[in-house]
2 protein chains.
Amino acid sequence: MESHEKTSRYHHGDLRNALLAAALTLLEEEGAAGLDLRKVARRAGVSHTAPYRHFADKHALLAAIAEIGFNRLAERMTEALTSSPPVLEERLFALGHAYISFGLHHRAHARLMFSSFGMARAEDIALHAAAKRCFELLASALGDAQANGEIGGALQAHWRSLWSAMHGAMILLIEDQMPYVTAEADGVDTLIRHTIRLMLAGMRP
Amino acid sequence: MESHEKTSRYHHGDLRNALLAAALTLLEEEGAAGLDLRKVARRAGVSHTAPYRHFADKHALLAAIAEIGFNRLAERMTEALTSSPPVLEERLFALGHAYISFGLHHRAHARLMFSSFGMARAEDIALHAAAKRCFELLASALGDAQANGEIGGALQAHWRSLWSAMHGAMILLIEDQMPYVTAEADGVDTLIRHTIRLMLAGMRP
DNA sequence: ACCTGAACACCGTTCAAGT
DNA sequence: ACCTGAACACCGTTCAAGT
């Protein structure tokens, strides 16, 4: 009945969020290897068993971290879209750039998001929804373009191909496996734009 | 001086290879999670410290496994190329198909190969060379086509874009993150072919 | 309702010691 | 030259117990 409990607060304050924040910090600082449950708990100032009040197991913590990542990525992609000129190639470039630079700036987080701690996906509805929002931004950009008559053909097929290309570029760059392209913006932007141009050529009606 | 020691054999027989074989079996059977050094040693019938005679640490064992993977992948891609009609689209499809179906048939192995236990790459010359052979097959297919006048533009840029797309498709399929495309051959082949056609359209001189 | 401490079954790695 | 056993410093997870 009292209003001082509007957000769920525990002894600690809000341990669930404190744990997530600690985990995100560890991910930035030490990469995926640094992300163990005991270290996260230590960082949040609680015993190593406290997290089990808030997450069923380590997997559940990772899923929550991944969900946060997809929400942030969707934000970046939405921002990129609104501040881009209303030209198809530029819109796709903005989306691709947001996608890939998110990955390059948060490597461990991106790896975690796109690591199928797999079937978790089907069960974790919130995680699934967050991920879906990201790739639907790309789908709707293509959908608009098709409505305008700028591109023809099978929308879903186009979208899958383009997304594959953006995702592959991101992963190869993150893992340092794209030969002769360092993570510097110039080479990355060139790769994104070239890829989009190649594919748009095939999508013209 | 004697000839009975042409291949290095130990008490065990050839523990190094026995360990690699055990690791590959575990990878198939249990995925990356099953690949711990003690389990590998147990499977090979030696104590859990014996592997350290042959691999500096777990990382080194993983790198050797990755190298085997790239060698096998290069084989599959080479075979695909030789048994494909001498038409550019078909040659690229054969390469993409070999690449992606390797990944789908050996998910844990592929994940490991393309997980940058990263800077290891720069140091491990054999691993680096094995990986390079794979993506040079794609580069030379495009190079031939350009020599024939079938495609124009910047060869390296084309190659990076196409490889990104093939890689992204493989990863998304492996991780079950390509919505509405199951791992069944039909949907996968359609995706590969569509992607190649889109890009080839942009490469025409 | 939320958290702790001891405990269990594991890891990777090191190091003296065995043959 | 090749392998073993005990040991160390860790994990994730469970469970009785505390407030």
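Proteins come first, then strands; the chains are lettered A, B, ... in the order of their sequence lines, and each starts at number 1.
- When distances are taken from the side chain of Lys58(B) to each of dG12(C), dC3(C), dA6(D), the shortest belongs to dG12(C).
- Contact detail for Ala169(A) and Leu191(A): the closest heavy-atom pair is CB-CD2, 4.0 Å.
- Put simply, CG on Leu37(A) is 14 Å from P on dT4(C), counting in whole angstrom units.
- Contacts classified as side-chain hydrogen bond (donor to acceptor under 3.5 Å, both in side chains) and involving residues 68-84 of chain A (residues at least two apart or in different chains) are given here: Asn71(A)-Arg133(A).
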- [ ] Please lay out, stage by stage, how Gln177(B) and Phe114(A) fare under the test side-chain contact (heavy atoms from CB on, under 4.5 Å).
- [x] CA-CA 8 Å; Gln177(B) 297 191 350; Phe114(A) 295 105; 3.2 Å; yes
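- In this structure, Ser164(B) has no side-chain hydrogen bond (donor to acceptor under 3.5 Å, both in side chains) partners at least two apart in sequence or on a different chain.
- Between the Asp189(A) side chain and the Ile192(A) main chain, no donor and acceptor come within less than 3.5 Å of each other.
- In the region residues 27-36 of chain A, proximity to DNA chain C at under 4.0 angstrom, judged on heavy atoms, holds for none of the residues.
- Neither OP1 nor OP2 of dT13(C) sits under 4.0 Å from any side-chain N or O of Arg53(B).
- Whole-Å rounding puts the Asp57(B) CG to dA9(D) C1' distance at 17 Å.
- The pair Glu175(B)-Arg107(B) does not meet the salt-bridge criterion, since no charged nitrogen lies less than 4.0 angstrom from a carboxylate oxygen.
- Put simply, His54(B) has a side-chain N or O that comes within less than 4.0 Å of OP1 or OP2 on dC3(D).
- We find that CZ of Arg16(A) is positioned 13 Å from P of dC2(C), with the value rounded to whole Å.
- When distances run from any side-chain atom of Tyr52(A) to the nucleotides dC11(D), dT4(D), dG12(D), the shortest one goes to dG12(D).
- If you measure from atom CZ of Phe55(A) to atom P of dT14(D), you get 16 Å, rounded to the nearest angstrom.
- Across dC11(C), dT4(C), dG12(C), the shortest atom-to-atom separation from the side chain of Lys39(B) is found for dC11(C).
- The ring pair (Phe, Tyr, Trp, His ring centres under 6.0 Å) check on His158(B) picks up His194(A), with sequence neighbours excluded.
- At whole-Å resolution of the value, CG in Asp14(A) and P in dC2(C) are 11 Å apart.
- A salt bridge links Arg43(A) with Glu29(A): the distance from a Lys NZ or Arg NE/NH1/NH2 to an Asp or Glu carboxylate oxygen falls below 4.0 Å.
- Considering only the side chain of His48(A), dA7(C) comes nearest among dA7(C), dT4(D), dG12(D).
- The CZ atom of Arg42(B) sits 11 Å away from the C1' atom of dA9(C) (whole-angstrom rounding).
- Ranked by how close their nearest DNA chain D nucleotide is to the 5' end, Thr49(A) and Ser47(B) are led by Ser47(B).
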For residues 135-143 of chain A, tabulate all N or O donor-acceptor pairs below 3.5 Å that involve a side-chain atom, not counting sequence neighbours.
unit_1	atom_1	unit_2	atom_2	d
Ser140(A)	OG	Glu136(A)	O	3.4
Ser140(A)	OG	Leu137(A)	O	3.3

Task: Pair pattern of DNA chain D in dot-bracket, where unpaired bases get dots and | marks partners in another strand, Watson-Crick or G-U under 3.5 angstrom - done: ||.|||||...|||||.||
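- Relative to the side chain of Arg38(A), the nucleotides dT13(D), dG5(C), dG5(D) differ in distance, and dT13(D) lies closest.
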